[in-house]
Amino acid sequence: MMSSTDSGVEPSPVQNISAAYTRITRQYQQILDRWTPHIMYRWLGTAGLLSIFFLRIVLSQGWFIVCYAHAIYLLNLLLAFLQPKFDPSLQEDLLADEIEEGGTPVASPLPSARDDEFRPFVRRLPEWQFWLSATRATLIAFGCTLFEMFDVPVYWPILVVYFFVLFALTMRRQIQHMIKYKYVPFDIGRKARYGSR
């Protein structure tokens with residue numbers, strides 16, 4: 001079978017663009033695949049990017065609305081990272097509806113007193129996606145600080161106070177949810193030891 005270049009026919013510009021796009025996405029994916037196991041270095045790199053971004057905001061005394069939008073997005077990512085993939089409160093509602101309709105109850109995704117089987121905590125947003133989204137958002141926010149049209153004049157102390165109030169309220173709600181449904185989204189210090197007494 002002969003390709004279009006072997007037959008003397010030049011590839012169209014669309015084929016050239018498609019081939020270049022495929023090559024670039026493959027290289028990008030290879031870079032991401034190499035970074036996957038290096039969790040600490042990935043997060044240190046993102047922390048460095050965030051530091052440079054906040055330094056840019058503080059030194060330039062502008063782009064506060066970009067910084068606020070970025071902080072809200074990071075808060076949204078954090079909440080998704082802390083929540084279970086299958087929300088137990090929604091599961092309880094579905095369970096109650098199922099029982100009211102006379103059906104058989106469905107098991108909760110989290111362990112309870114009724115069911116002592118171990119079920120691992122599955123996040124709504126995995127760590128890799130959290131890191132990748134946070135890093136991309138930081139790069140985009142930094143890119144927005146290069147354009148004057150995103151430097152909307154605002155009174156920044158109001159944004160800071162509003163963000164901290166929003167952070168406190170959402171984290172309080174999240175912590176109450178964790179206490180009510182008895183789950184901890186972190187496994188630091190909880191190592192499974194099999195075969196030891």
Participant: Step by step, work out the side-chain contact (heavy atoms from CB on, under 4.5 Å) result for Leu82 and Leu78.
Facilitator: CA-CA 6 Å; Leu82 293 177; Leu78 177 66; 4.2 Å; yes
Participant: Report the relative orientation of the aromatic rings in Tyr68 and Phe163; use parallel for angles under 30°, tilted for 30 to 60°, perpendicular for over 60°.
Facilitator: perpendicular
Participant: First locate atom OG1 of Thr22, then atom CD of Gln15, and finally report the distance between them rounded to the nearest 0.5 Å.
Facilitator: 11.5 Å
Participant: Does NZ or CZ of Arg42 come closer than 6.0 Å to the centre of the six-membered ring of Trp131, within 45° of the ring's axis?
Facilitator: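 Arg42 over Trp131 ring: yes.
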Participant: Grouping I, L, V, M, F, W and Y whenever their side-chain heavy atoms are under 4.5 Å apart, do Leu146 and Ile65 come out in a common cluster?
Facilitator: yes
Participant: Which word best sums up how the rings of Phe54 and His70 line up, parallel for under 30°, tilted for 30 to 60°, or perpendicular for over 60°?
Facilitator: tilted
Participant: Can you see whether Gln30 engages Trp35 through a side-chain donor-acceptor pair at a distance of less than 3.5 angstrom?
Facilitator: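 On atom types as modelled, these side chains do not qualify, holding no pair under 3.5 Å.
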Participant: Can you tell me how far CD of Glu127 sits from CG of Leu132, rounded to the nearest 0.5 angstrom?
Facilitator: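 Spacing of CG (Leu132) from CD (Glu127) equals 10.0 Å.
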Participant: Is there a side-chain contact between Arg172 and Phe167 in this structure, where contact means two heavy atoms from C-beta onward sitting under 4.5 Å apart?
Facilitator: no
Participant: Could you measure the distance from the OG1 atom of Thr170 to the CG atom of Leu75? Nearest 0.5 Å is fine.
Facilitator: 4.5 Å
Participant: Is there side-chain contact between Ser133 and Tyr73, with at least one heavy-atom pair below 4.5 Å?
Facilitator: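 SC-SC contact between Ser133 and Tyr73 confirmed.
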Participant: Under 4.5 Å between any side-chain heavy atoms of Phe64 and Pro153, yes or no?
Facilitator: no
Participant: Drop me the distance from Arg23's CZ to Ser18's OG, to the nearest 0.5 angstrom.
Facilitator: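 OG of Ser18 is found 11.5 Å from CZ of Arg23.
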Participant: How long is the straight-line distance from OG1 of Thr135 back to CD1 of Ile140, given to the nearest 0.5 Å?
Facilitator: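 Rounded to the nearest 0.5 Å, the CD1-OG1 separation comes out at 11.0 Å.
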Participant: Keeping the roles fixed (side chain from Arg56, backbone from Thr145), state whether a donor-acceptor pair exists under 3.5 Å.
Facilitator: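 Yes, Arg56 side chain to Thr145 backbone: donor-acceptor pair under 3.5 Å.
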Participant: What about Val152 and Tyr162, same hydrophobic cluster or not, with Ile/Leu/Val/Met/Phe/Trp/Tyr joined at side-chain heavy-atom distances under 4.5 Å?
Facilitator: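 Yes; tracing contacts between hydrophobic side chains, which count when under 4.5 Å, links both residues.
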Participant: Can you get from Phe81 to Leu166 by hopping between Ile, Leu, Val, Met, Phe, Trp and Tyr side chains that sit under 4.5 Å apart?
Facilitator: yes
Participant: Side-chain heavy atoms under 4.5 angstrom apart, residues restricted to Ile, Leu, Val, Met, Phe, Trp, Tyr: same cluster for Ile72 and Phe130?
Facilitator: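 Yes.
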Participant: Answer yes if Val58 and Leu50 sit in the same cluster of Ile, Leu, Val, Met, Phe, Trp and Tyr residues linked by side chain heavy atoms under 4.5 Å apart, and no otherwise.
Facilitator: no
Participant: Return the CE to CG distance between Met171 and Leu79, rounded to the nearest 0.5 Å.
Facilitator: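 Output value for this atom pair is 6.0 Å.
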Participant: Donor-acceptor pair, distance only, cut-off 3.5 Å: does the side chain of Trp63 make one with the backbone of Glu148?
Facilitator: no
Participant: Between Gln129 (side chain only) and Pro126 (backbone N and O only), is there a donor and an acceptor less than 3.5 Å apart?
Facilitator: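 No, because the side chain of Gln129 does not come within donor-acceptor range (under 3.5 Å) of the backbone of Pro126.
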Participant: Check whether any side-chain N or O of Thr138 sits under 3.5 Å from a backbone N or O of Ala134 as a donor-acceptor pair, and report yes or no.
Facilitator: yes
Participant: Take Phe142 and Val66 through the test side-chain contact (heavy atoms from CB on, under 4.5 Å) and record every step on the way to the result.
Facilitator: CA-CA 9 Å; Phe142 188 80; Val66 171; over 6 Å; no
Participant: Are any of the side-chain heavy atoms of Gln83 and Gln174 separated by less than 4.5 Å?
Facilitator: yes
